[in-house]
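Data block below; observations after.
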2 protein chains.
Amino acid sequence: MPGRDGTGPLWWHGRFRGCGYRMTVPREAILDVLSRTSKHLSAEDVYMAVHKIHANVGLTTIYRTLELLVKMGFVYKFDFGDGRARYELSEGSKGVRHHHHLVCTNCSRVIDYTDFIDEEAELLNQTEKGLSKKHNFEITNHLIQFYGLCDRCKKG
Amino acid sequence: MPGRDGTGPLWWHGRFRGCGYRMTVPREAILDVLSRTSKHLSAEDVYMAVHKIHANVGLTTIYRTLELLVKMGFVYKFDFGDGRARYELSEGSKGVRHHHHLVCTNCSRVIDYTDFIDEEAELLNQTEKGLSKKHNFEITNHLIQFYGLCDRCKKG
DNA sequence: CTCAATGCAAATCTTTTGCATGCTA
DNA sequence: TAGCATGCAAAAGATTTGCATTGAG
């Protein structure tokens with residue numbers, strides 16, 4: 001029964017229609033690529049992956065679609081400091097576990113971690129509540145990243 | 001006694017020399033600009049501010065110096081999603097209070113907050129310790145940002 | 001005096017935009 | 001059929017690089 005768990009063309013199709021958008025071949029291909037990886041893909045990465053199957057899809061469409069997906073909340077956009085944006089499916093739209101990132105400042109490697117997420121969540125909840133009230137700011141999302149040296153780079 | 005509190009040309013001069021670098025007019029001007037603001041300046045912003053006093057300093061030098069300052073740990077570089085990097089003096093080099101950011105996803109306004117920093121600090125310490133051990137990752141820094149709608153943008 | 005630092009111009013590279021055409025619903 | 005979506009080419013920007021020159025120590 002495809003679609004029940006937040007995966008599959010039909011489910012996405014419904015989400016798109018629900019937002020007033022159309023499901024197209026490029027969009028489906030892009031979602032497929034994002035669904036099949038746990039890596040942090042750049043627009044170029046997505047383009048190359050999609051291009052293998054649908055050689056006619058242009059890079060512009062990749063950018064436009066990724067931006068749309070970010071706006072719809074299905075995709076997160078990250079900056080890991082290497083001059084290009086990275087994209088991942090958000091946990092809401094699939095069985096993706098919520099996680100944060102460790103970014104190596106030497107080799108730019110990015111490691112996902114799900115540890116301590118629960119402890120963080122509690123603090124974040126309180127913080128968000130406090131900040132919302134104090135600054136009259138409606139918080140919808142947060143970003144947490146740790147920087148340092150990965151195991152490969154720290155040995156000297 | 002300039003320099004004791006981590007401010008002033010002499011102090012910076014020493015830090016530069018200590019790292020094997022030279023103190024120059026452009027570098028001093030850039031540090032001066034960063035020291036006098038609590039805003040999140042782009043390279044272009046810094047360039048324009050420096051340019052008022054030293055019209056001969058080029059944008060390239062601004063970029064090179066900011067990168068150097070980031071590498072030396074005196075400046076933090078941020079991405080608030082508007083396509084240009086932002087820079088602030090790090091708290092270690094002046095009397096700047098450690099803070100995080102609230103970023104408005106609508107108007108791109110950025111609000112600094114120092115609330116909850118203490119609570120966060122404790123959690124971050126534990127998390128960093130755990131992550132360091134588990135992933136054999138040497139953490140040197142962290143980034144926390146909250147996204148949402150600022151007071152001006154949320155009414156409607 | 002030496003070599004790091006600079007300025008200028010050109011190059012790079014990612015992301016965006018204009019516009020005619022194609023395709024979903 | 002209507003209008004959103006796409007592809008292509010060109011544009012826009014931010015940041016980087018090459019190289020001759022300048023200036024700090």
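Not measured: the values here are computed from a predicted model. Order of the sequence lines fixes the chain letters, A, B, ..., with proteins taken first and strands second; residue numbering starts at 1 for each chain.
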If I take atom CE in residue A/M72 and atom P in nucleotide D/dC4, what distance separates them, rounded to the nearest angstrom? 15 Å
Taking the minimum atom-to-atom distance to the side chain of B/Y63, which one of C/dA25, D/dA14, D/dT6 wins? D/dA14
Starting from the 5' end of DNA chain D, give me the residue, B/A43 or B/R22, whose nearest nucleotide shows up first. B/A43
Base, sugar-phosphate, or nothing for B/H54, non-hydrogen atoms under 4.0 angstrom? nothing
B/K71 NZ to C/dA5 C1', in whole Å, measures 13 Å
For D/dA5 and A/R27 - does any side-chain N or O of the residue sit under 4.0 Å from the phosphate oxygens OP1/OP2? yes
note: A/F16, atom CZ; D/dC4, atom P; distance rounded to Å ~ 16 Å
Please work out if B/V57 contacts a base, only the sugar-phosphate, or nothing of the nucleic acid, heavy-atom cut-off 4.0 Å. sugar-phosphate
Are A/E120 and B/T127 close enough that some pair of their side-chain heavy atoms sits under 4.5 Å apart? yes
Between OG of B/S132 and CG of A/L149, what distance do you get to the nearest 0.5 Å? 10.5 Å
Nearest to the side chain of B/T65 - D/dG3, D/dG7, C/dT6? C/dT6
Any side-chain donor paired with an acceptor under 3.5 Å for A/D115 and B/H135? yes
From OH of A/Y47 over to C1' of C/dC13, roughly how many Å is that when rounded to an integer? 15 Å
Rounded off to whole Å, could you give me the CD-to-C1' distance for the A/E67 and C/dT15 pair? 9 Å
Does the side chain of B/H40 pick up a donor-acceptor pair with the side chain of B/D112 at under 3.5 Å? yes
Give a yes/no on whether any side-chain N or O of B/H13 is located under 4.0 angstrom from OP1 or OP2 of D/dA24. no
Please state how far atom CE in B/M23 lies from atom C1' in D/dG23, giving the value in whole angstrom units. 15 Å
Would you state whether a donor and an acceptor, one from the side chain of B/T60 and one from the base of C/dA5, lie under 3.5 Å apart? no
Along DNA chain C (nearest heavy atom to each residue), the more 5'-positioned of A/T24 and A/Y87: A/Y87
Judged by modelled atom types alone, do A/E91 and A/H99 share a side-chain donor-acceptor pair under 3.5 Å? no
Between CG of B/L10 and C1' of D/dG25 the distance, given in whole Å, is 15 Å
When we call it a touch if two heavy atoms are under 4.0 Å apart, what does B/R17 touch: a base, just sugar-phosphate, or nothing? sugar-phosphate
What contact category does B/G20 fall into here, base, sugar-phosphate, or nothing, at under 4.0 angstrom with non-hydrogen atoms? nothing
Separation of C/dA5 C1' from B/L66 CG (nearest whole Å): 15 Å
Of the listed C/dC23, C/dT16, D/dT15, the closest approach to the B/L59 side chain comes from D/dT15
